[in-house]
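Note that the coordinates shown come from a computational prediction; the quantities given were computed from them, not determined experimentally.
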Amino acid sequence: MKKLATLFTDSYRELFRVRTITLCAMFGALSIVLGYFTIRVGDYFNLGFAGLANELVHFIFGPVVGGVFGGVMDILKYIINPSGAFFFGFTFNAILAGVIYGAFWYKRPLSFARVMAARLVVIVVCNLLLNTLWLSMLSGKGFLVLLGPRVLKNLIMWPVDSLVFVMVAGALERSGVLKELRKAADFVR
């Protein structure tokens with residue numbers, strides 16, 4: 001439990017560093033640009049790579065920075081490219097996903113198993129339960145009606161998204177880019 005508290009404390013400290021904010025802004029810009037290449041499949045399904053930049057922030061800076069970044073990016077993306085009505089539930093999910101990913105990945109070695117586990121928690125809690133609830137509330141359709149196709153989509157995308165993240169983060173780690181980013185944002189090591 002002490003390790004988890006240390007992760008949150010260290011990530012909280014990083015939140016107030018200028019370099020952290022600068023790097024988050026650059027990742028945010030990358031996320032917005034990648035968001036323009038999102039493919040919309042139906043009313044409730046999106047396929048894209050914008051989340052990859054967000055996940056790198058969670059991986060590098062941890063749960064507190066990841067949660068704040070997720071919430072801010074959700075609001076910014078809505079302001080820049082609104083699609084549908086704004087609903088705070090989706091912003092809450094972005095914050096919660098950032099906290100979960102950050103808690104799983106921050107200051108820990110990159111592994112496919114860890115990435116799969118973090119994604120599974122986010123899929124179940126944020127994507128299937130909460131997002132489906134929000135969509136049900138907004139659309140007036142039944143929760144179980146919306147849940148079926150969402151389960152299928154998330155089961156298909158779970159290993160694919162995990163593999164893409166591990167490949168990209170692994171390549172950045174092997175090339176030394178992540179080490180330099182961490183060093184630039186480092187405050188105690």
Side-chain angles (χ1 to χ4, degrees), residues 11-12 14-106 110 115 118-119 122-123 125-127 130-132 134-135 138 150 153-154 156-158 160-173 175 177-185:
S11 180
Y12 176 77
E14 289 198 47
L15 183 63
F16 299 102
R17 295 188 46 83
V18 173
R19 288 182 177 159
T20 301
I21 295 168
T22 304
L23 289 170
C24 285
M26 291 191 305
F27 278 114
L30 179 62
S31 178
I32 288 169
V33 169
L34 289 174
Y36 284 108
F37 299 102
T38 299
I39 300 167
R40 298 204 186 282
V41 182
D43 291 335
Y44 306 111
F45 303 116
N46 299 324
L47 301 172
F49 294 101
L52 192 58
N54 297 3
E55 291 163 2
L56 288 170
V57 168
H58 311 321
F59 182 62
I60 296 168
F61 300 113
V64 175
V65 175
V68 170
F69 181 81
V72 168
M73 287 308 300
D74 185 72
I75 293 168
L76 277 176
K77 286 179 181 179
Y78 181 79
I79 291 170
I80 291 170
N81 186 18
S83 58
F86 178 80
F87 185 69
F88 183 74
F90 297 123
T91 304
F92 173 76
N93 282 12
I95 294 168
L96 183 59
V99 170
I100 293 169
Y101 284 138
F104 269 84
W105 298 340
Y106 184 54
L110 180 67
V115 172
R119 282 201 182 283
V122 169
I123 284 171
V125 174
C126 296
N127 297 358
L130 292 175
N131 267 355
T132 307
W134 309 144
L135 289 171
L138 288 172
R150 294 179 58 75
K153 181 234 179 199
N154 279 281
I156 292 168
M157 295 309 294
W158 176 35
V160 173
D161 287 342
S162 298
L163 185 61
V164 168
F165 178 74
V166 168
M167 289 173 57
V168 170
L172 291 173
E173 215 166 47
S175 70
V177 172
L178 282 183
K179 183 179 178 183
E180 291 300 317
L181 290 174
R182 283 189 181 118
K183 193 178 356 173

Smallest heavy-atom separation, P63 atom then S11 atom, equals N-OG, 3.4 Å
By side-chain contact (heavy atoms from CB on, under 4.5 Å), I80 pairs with (sequence neighbours left out) I32, Y36
For R150 and N127 the tightest heavy-atom approach is NH2-O, 2.7 Å
CG (L56) and SG (C24) are apart, to the nearest 0.5 Å, by 11.0 Å
Quick note, salt bridge (charged side-chain N to carboxylate O under 4.0 Å, His left out) partners involving residues 49-58, not counting sequence neighbours, are E55-R119
For C126 and A97, the nearest pair of non-hydrogen atoms, with its separation, is SG-N, 4.0 Å
(Q) Are T20 and L15 packed together at the side-chain level, in the sense that at least one heavy-atom pair is separated by less than 4.5 angstrom? (A) no
side-chain contact (heavy atoms from CB on, under 4.5 Å) filter on L110, not counting sequence neighbours, yields F59, V115, F165, A169, E173
Residues 56-69 vs side-chain hydrogen bond (donor to acceptor under 3.5 Å, both in side chains), sequence neighbours excluded, gives none
Taken in chain and number order and not counting sequence neighbours, the residues that satisfy side-chain contact (heavy atoms from CB on, under 4.5 Å) with V125 are L96, V121, L130
Residue pairs passing the salt bridge (charged side-chain N to carboxylate O under 4.0 Å, His left out) test with at least one member in residues 59-71, sequence neighbours excluded, are none
Residue pairs meeting salt bridge (charged side-chain N to carboxylate O under 4.0 Å, His left out), one or both in residues 70-87, sequence neighbours left out, come to none
In short, A118 meets W105 closest at the heavy-atom pair CB-NE1, 3.5 Å
Residue set satisfying side-chain hydrogen bond (donor to acceptor under 3.5 Å, both in side chains) with N93, at least two apart, ordered chain then number -> N131, W134
Heavy-atom closest pair (N54 atom, S31 atom, distance to 0.1 Å) is OD1-OG, 3.0 Å
F88 meets the ring pair (Phe, Tyr, Trp, His ring centres under 6.0 Å) criterion, sequence neighbours left out, with none
If you draw a 6.0 Å radius around OH in Y78, do more than 12 non-hydrogen atoms from other residues or ligands fall strictly inside?
yes
Sorted by chain and number, sequence neighbours left out, side-chain contact (heavy atoms from CB on, under 4.5 Å) with M157 holds for L47, K153, V160, D161
Distance col, row L52:CG vs F27:CZ, nearest 0.5 angstrom, shows 9.0 Å
Hits for ring pair (Phe, Tyr, Trp, His ring centres under 6.0 Å) against Y12, two or more places apart or cross-chain, chain-then-number order -> F16
| query | Do the ring planes of F90 and F87 sit parallel (below 30°), tilted (30 to 60°) or perpendicular (above 60°)? | reply | perpendicular
Is the shortest side-chain heavy-atom distance between L23 and F61 below 4.5 Å? yes
Item to complete: Walk me through it: do F86 and I79 pass the test side-chain contact (heavy atoms from CB on, under 4.5 Å)?
Response: CA-CA 9 Å; F86 178 80; I79 291 170; over 6 Å; no
